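To start, the structure itself, in structure tokens.
Computed over heavy atoms, backbone and side chain alike; hydrogens, waters and symmetry mates excluded. Remember, predicted model here, so these are calculated numbers, not experimental data. When a ligand or atom number is given, it counts from 1 through the structure's own listing order.
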Amino acid sequence: MTQATPDFIPPAKPIIGDEERAAVDRVLQSGMVAQGPEVAAFEAEFADVLVAGRPCVAVNSGTSGLHLGLLAAGIGPGDEVIVPAFTFAATGNAVRLTGATPVFADIDLDTYCLEPASVEALVTDRTKAIMPVHLYGHPAPMDELGRIAETHGLMVFEDAAQAHGAAWNGRPVGTFGAFGMFSLYPTKNMTSGEGGMVSVDSEAMGRGVRLLRNQGMERQYENEVVGFNNRMTDLHAAIGRVQLTKVGAWTRQRQENAAFLDAGLRGVTTPVVREGAVHVYHQYTVRLSEDLAGARGAILDRLKNEFGVGTGVYYPIPTNELPSFQQPADLPHTKIAAATVFSLPVHPSLTREDLERIVDGVNTVVGEARA
Ligand SMILES: *Cc1c(COP(=O)(O)O)cnc(C)c1O
């Protein structure tokens, strides 16, 4: 970078303030830092604020949440779970780790979420569940997916890792399926440091996840099932409780930032918000025309070097094509998205000047690439 480069605008910026530090200090001073009263309070508060009071179980990561939820639902070898390939690998990993087979469906190119017709075409007599991802913070089409699940007797598990506060027809994500998982990784819309929250539709599901996160024990040394240590600590829960009081305002700021970008950007396909959807813009993801796919790397380099605009590509390789999966599948929309998307900063710390610079950078660099 040359000296004339403007201050770098990072693609994501976790906000951790004095209140979070004070909360951690309070727990440290108590001398009890493992899973305890802070985790219990965080679960209850998360339920109230984000999932309309559905019971919640905290775990040490979003990935563990998916994994334990699947196991608690009885998913295992011989079962198939339909998932998108256009997502973070954790979605498919969680299915694979149970011994079940992830079956990869295509996405809708407007919202980058599962395309119901593609899902329905993949249902077999081994299919046990559909796991939609509310990608970038836009809800998957839960009514159509719910109908498919009902028709074929399938469970629904929501990967809401990126979608705290998103909603579909007035109902928050995480309240549609047998379970919904929220990640609390630092770059997500709210964080606990590392962590995950699972909202559940039944006491049996909740108990299953609670047992699996703690060595299969409800009462000490009376292990009922073989489990993990996937507990959240009170230190992390204390951070998450503070963040929970702020996530609503942060979401509104993300939505305002997105509206500014929507109005200003030229030459790229900006995010579509379906009627009835509340988009919480974990990512603000745009798409280049396909003829510019080969220029994406150079475009993002120019945005960084000349305009100081950080970007990310989520996700350049569909899960089914990763070395860890290698499951050939015909997913034309997934291929297009993987080759053409990139995400711009939309986080709540952006200033008006930052947003103007992002718009100016994209319009200049993409405009020149198209010329
Ligand atoms: C972040 C993420 C996960 C995993 O969450 P971790 O807390 O990082 O384990 C799973 N699915 C999606 C779509 C994610 O973005």
* More than 12 foreign heavy atoms under 6.0 Å from CD of Glu222: is that the case here? -> yes
* To do: Taking only heavy atoms of Ser61 into account, list the atoms of ligand 1 that are under 4.0 Å away from them.
  => 7 (O), 9 (O)
* Does the N or O separation between Asp159 and ligand 1 drop below 3.5 Å for any pair? -> yes
* Asked: Which is closest to atom 4 (C) of ligand 1 by heavy-atom distance: Val59, Thr63, Thr187?
  -> Thr63
* Can you tell if the side chain of Phe86 reaches within under 4.5 Å of the side chain of His333, non-hydrogen atoms only? -> no
* Test salt bridge (charged side-chain N to carboxylate O under 4.0 Å, His left out) applied to Arg219 and Glu224, step by step -> CA-CA 9 Å; Arg219 280 190 303 272; Glu224 299 172 40; 5.9 Å; no
* Structure fact -> protein heavy-atom neighbour closest to atom 10 (C) of ligand 1 works out as Ala90 CB, 3.5 Å
* Asked: Does even one non-hydrogen atom of Ser64 get within less than 4.0 Å of ligand 1?
  -> no
* To do: Say whether His347 and Gln253, considering side chains only, have a donor N or O and an acceptor N or O under 3.5 Å apart.
  => no
* Out of Gln162, His67, Lys188, whose heavy atom sits nearest atom 2 (C) of ligand 1? -> Lys188
* Structure fact -> Quick note on ligand 1: atoms under 4.0 Å from a heavy atom of Val133 include exactly 13 (C)
* Structure fact -> In ligand 1, the atoms that come under 4.0 Å of a heavy atom of Thr87 are 13 (C)
* Hey, does Leu184 come in under 3.5 Å of ligand 1, counting only N/O atoms on both sides? -> no
* To do: Taking atom types as modelled, find out whether Asn363 and Arg266 have a side-chain donor-acceptor pair closer than 3.5 angstrom.
  => no
* **Neighbour count >12 (heavy atoms, 6.0 Å) for atom OH, Tyr185** => no
* Structure fact -> Looking only at protein heavy atoms, what sits closest to atom 12 (C) of ligand 1 is Ala161 CB, 3.4 Å
* Can you tell me if Gln283 and Gln162 form a side-chain donor-acceptor pair at under 3.5 Å? -> no
* Report yes or no: does a heavy atom of Met181 sit under 4.0 Å from some atom of ligand 1? => yes
* Asked: Checking Arg254 against Tyr284: charged group under 6.0 Å from the ring centre and within 45 degrees of the axis?
  -> no
* Asked: Are a donor atom and an acceptor atom from the side chains of Glu158 and His134 found within less than 3.5 Å of each other?
  -> yes
* Structure fact -> Under 4.0 Å from one or more heavy atoms of Gly195, ligand 1 contributes atoms 7 (O)
* Asked: Counting both backbone and side chain atoms, is some N or O of Ser183 under 3.5 Å from an N or O of ligand 1?
  -> yes
